[in-house]
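Input: one structure, supplied below.
Below, all heavy atoms of this structure are taken into account, side chains as well, without hydrogens, waters or symmetry copies.
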Amino acid sequence: MYENRVITGPYQLWQFDIKYGRILLHSKRVPFFFLCAFIDVFTRDIVAYHIGLRCLAADILRTLKVGLIEHKIIKDHNLVIRSDNGPQMTSKKLSEGIKTLPVVHEFIPPRCPNKNAYIESFFSLVSVNVTSPRTFLDFRSAHETMVEFIEFYRKKKIHGALNMTIEEFKKRLPLLNLADYAIRL
């Protein structure tokens with residue numbers, strides 16, 4: 001169930017979704033690649049992602065587990081992950097897998113993508129800068145380009161609300177008054 005929240009620091013709310021891009025050639029004649037990304041709403045950091053020729057519930061679950069381990073998330077963080085109501089997100093496999101993890105999964109209301117605005121904004125940038133302007137020749141070039149874009153997004157892109165890069169913001173967190181950066185969702 002969706003809740004309005006005030007986010008006052010990292011690891012309180014991660015939003016996630018799936019985006020696809022086109023590829024021309026692949027041995028199995030698969031015309032798409034998929035990106036599943038988790039974004040920390042407070043830092044705007046892409047905390048975990050999957051790039052593949054498919055994106056099933058198992059891929060999302062594995063990606064989430066990697067992000068939880070990498071960021072040392074435990075039950076005490078009270079991390080909420082938020083998604084839309086797509087078939088992978090509402091699948092029994094994902095639901096059962098999430099029950100074993102230190103997170104709560106909530107869904108946005110149908111037809112309300114603004115309730116998942118941070119991941120939607122990231123995917124808008126992906127669309128404008130990576131997937132819409134081109135069709136990739138093969139999966140390898142799509143994968144490399146996506147990884148490069150995510151690194152640019154994390155380390156070089158100046159984020160308007162932060163007035164700095166994500167990397168700079170995360171380094172300055174201990175010195176900042178986090179209340180100045182609170183987000184009401």
Contacts under 3.5 angstrom, residues 178-185 side chains, donor-acceptor by atom type, not counting sequence neighbours:
none

Does the pair Val130 and Met146 meet the rule for a side-chain contact (heavy atoms from CB on, under 4.5 Å), with working shown? CA-CA 7 Å; Val130 181; Met146 283 307 314; 3.4 Å; yes
Looking at every heavy atom in both Thr145 and Arg134, which two are closest together, and how far apart are they?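 Smallest interatomic distance, heavy atoms only, reads CG2-NH1, 3.4 Å.
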Taking only residues at least two apart or on different chains, which pairs with a member in residues 114-124 satisfy side chain to side chain donor-acceptor pair (under 3.5 Å)?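 The answer is none; no pair qualifies.
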A side-chain contact here means heavy atoms from C-beta on lying under 4.5 Å apart; do Leu173 and Phe42 qualify?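 Yes, close enough: below the 4.5 Å cut-off.
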Measure the shortest side-chain to side-chain distance between Asp17 and Ser83 over non-hydrogen atoms and say whether it is less than 4.5 angstrom.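 No; the side chains remain at least 4.5 Å from each other.
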Is Phe136 linked to Tyr49 within one hydrophobic cluster, defined over Ile, Leu, Val, Met, Phe, Trp and Tyr using a side-chain heavy-atom separation of less than 4.5 Å?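 Linked, Phe136 and Tyr49 end up in one cluster.
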Assess the residue pair Phe34 and Lys19 against the criterion (side-chain contact (heavy atoms from CB on, under 4.5 Å)); give the C-alpha distance rounded to whole Å, side-chain angles, the decisive distance to 0.1 Å, and a yes or no. CA-CA 6 Å; Phe34 298 87; Lys19 177 93 178 140; over 6 Å; no
Counting C-beta onward and ignoring hydrogens, is there a side-chain heavy-atom pair between Leu24 and Asp138 closer than 4.5 Å?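 No, every pair of side-chain atoms sits at 4.5 Å or beyond.
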Residues 6-13, side-chain donor-acceptor partners within the protein, below 3.5 Å, at least two apart:
from	atom 1	to	atom 2	distance (Å)
Thr8	OG1	Gln12	NE2	3.1
Tyr11	OH	His71	ND1	3.1
Gln12	OE1	Thr8	N	2.9

Pairs involving residues 143-157, ordered by first then second residue, that meet salt bridge (charged side-chain N to carboxylate O under 4.0 Å, His left out) (sequence neighbours left out):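 Matches after skipping sequence neighbours: Asp45-Arg154, Arg140-Glu144, Glu151-Arg154, Glu151-Lys155.
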Are Asp40 and Gln15 close enough that some pair of their side-chain heavy atoms sits under 4.5 Å apart?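 No; the side chains remain at least 4.5 Å from each other.
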Might you point out which heavy atoms bring Ser127 and Pro133 nearest each other, and give the distance in Å?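 It is O-CD, 3.3 Å.
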Using ring pair (Phe, Tyr, Trp, His ring centres under 6.0 Å), reason through Phe33 and Tyr20 one step at a time and then give a plain yes or no. CA-CA 6 Å; Phe33 72 94; Tyr20 71 91; 8.6 Å; no
Heavy-atom closest contact (Ser141 atom, Leu137 atom, distance):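 Scanning both residues, the minimum pair turns out to be OG-N, 3.9 Å.
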Check ion pair Lys99-Glu96 (N to O, under 4.0 angstrom):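 So Lys99 pairs with Glu96 through a salt bridge.
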Rounded to the nearest 0.5 Å, what separates atom OG in Ser95 from atom NZ in Lys92?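 Ser95 OG to Lys92 NZ: 9.0 Å, rounded to 0.5 Å.
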Gap between atom CD1 of Ile51 and atom NE2 of His143 - 0.5 Å precision: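 Those atoms lie 4.0 Å apart.
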Could you check whether any side-chain heavy atom of Leu35 comes within less than 4.5 Å of a side-chain heavy atom of His50, counting everything from C-beta outward?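 No. Closest side-chain heavy atoms not under 4.5 Å.
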Give me the one residue out of Lys93, His105, Met89 that meets side-chain contact (heavy atoms from CB on, under 4.5 Å) with Ile98.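 The single option meeting the side-chain contact (heavy atoms from CB on, under 4.5 Å) with Ile98 is His105.
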Quick one: closest heavy-atom pair of Pro102 and Leu68, and the distance?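 In this case the closest contact between Pro102 and Leu68 is CD-CD1, 4.1 Å.
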Any luck finding a side-chain donor-acceptor pair between His159 and Thr165 under 3.5 Å?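 The criterion, which ignores hydrogens and geometry beyond distance, is not satisfied for Thr165 and His159.
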Close side-chain approach of Val128 and Phe123, heavy atoms under 4.5 Å: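 Val128 vs Phe123: side chains apart.
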Taking every non-hydrogen atom, the tightest pair across Val103 and Leu64: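 Answer, listing the atom of Val103 first, then Leu64: CG2-CD2, 4.4 Å.
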Strictly distance-based, threshold 3.5 Å: is any side-chain N or O of Thr63 a donor or acceptor partner for the main-chain N or O of Asp59?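 Between the backbone of Asp59 and the side chain of Thr63 there is a qualifying donor-acceptor contact (under 3.5 Å).
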With Phe122 via ring pair (Phe, Tyr, Trp, His ring centres under 6.0 Å) - residues at least two apart: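 Here the qualifying residues are Tyr153.
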Just how far is it from atom CZ of Phe139 to atom CD1 of Ile23, taken to the nearest 0.5 Å?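 Phe139 CZ to Ile23 CD1: 7.5 Å, rounded to 0.5 Å.
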Verify the cluster assignment for Phe107 and Trp14: are they in a single hydrophobic cluster under the rule of side-chain heavy atoms below 4.5 Å apart?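 Yes, Phe107 and Trp14 fall within the same hydrophobic cluster.
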Do Leu101 and Val47 sit in the same hydrophobic cluster, where Ile, Leu, Val, Met, Phe, Trp and Tyr count as joined when their side-chain heavy atoms come under 4.5 Å apart?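 Looking at the clustering, Val47 is in the same group as Leu101.
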What salt bridge (charged side-chain N to carboxylate O under 4.0 Å, His left out) pairs are there with at least one residue in residues 64-84, not counting sequence neighbours?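 Non-adjacent pairs meeting salt bridge (charged side-chain N to carboxylate O under 4.0 Å, His left out): Arg82-Glu106.
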Counting C-beta onward and ignoring hydrogens, is there a side-chain heavy-atom pair between Phe16 and Ile39 closer than 4.5 Å?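 The answer is no; the side chains never approach within 4.5 Å.
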Answer yes if Leu53 and Ile150 sit in the same cluster of Ile, Leu, Val, Met, Phe, Trp and Tyr residues linked by side chain heavy atoms under 4.5 Å apart, and no otherwise.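 Hydrophobic grouping puts Leu53 with Ile150.
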Hydrophobic clustering (ILVMFWY, side-chain heavy atoms < 4.5 Å, transitive) - are Leu162 and Ile119 grouped together?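 Yes; Leu162 is reachable from Ile119 via cluster members.
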Taking all atoms of both residues into account, what is the closest heavy-atom pair of Ile60 and Cys55, and its distance?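 What the structure gives for the nearest pair is CG1-SG, 3.9 Å.
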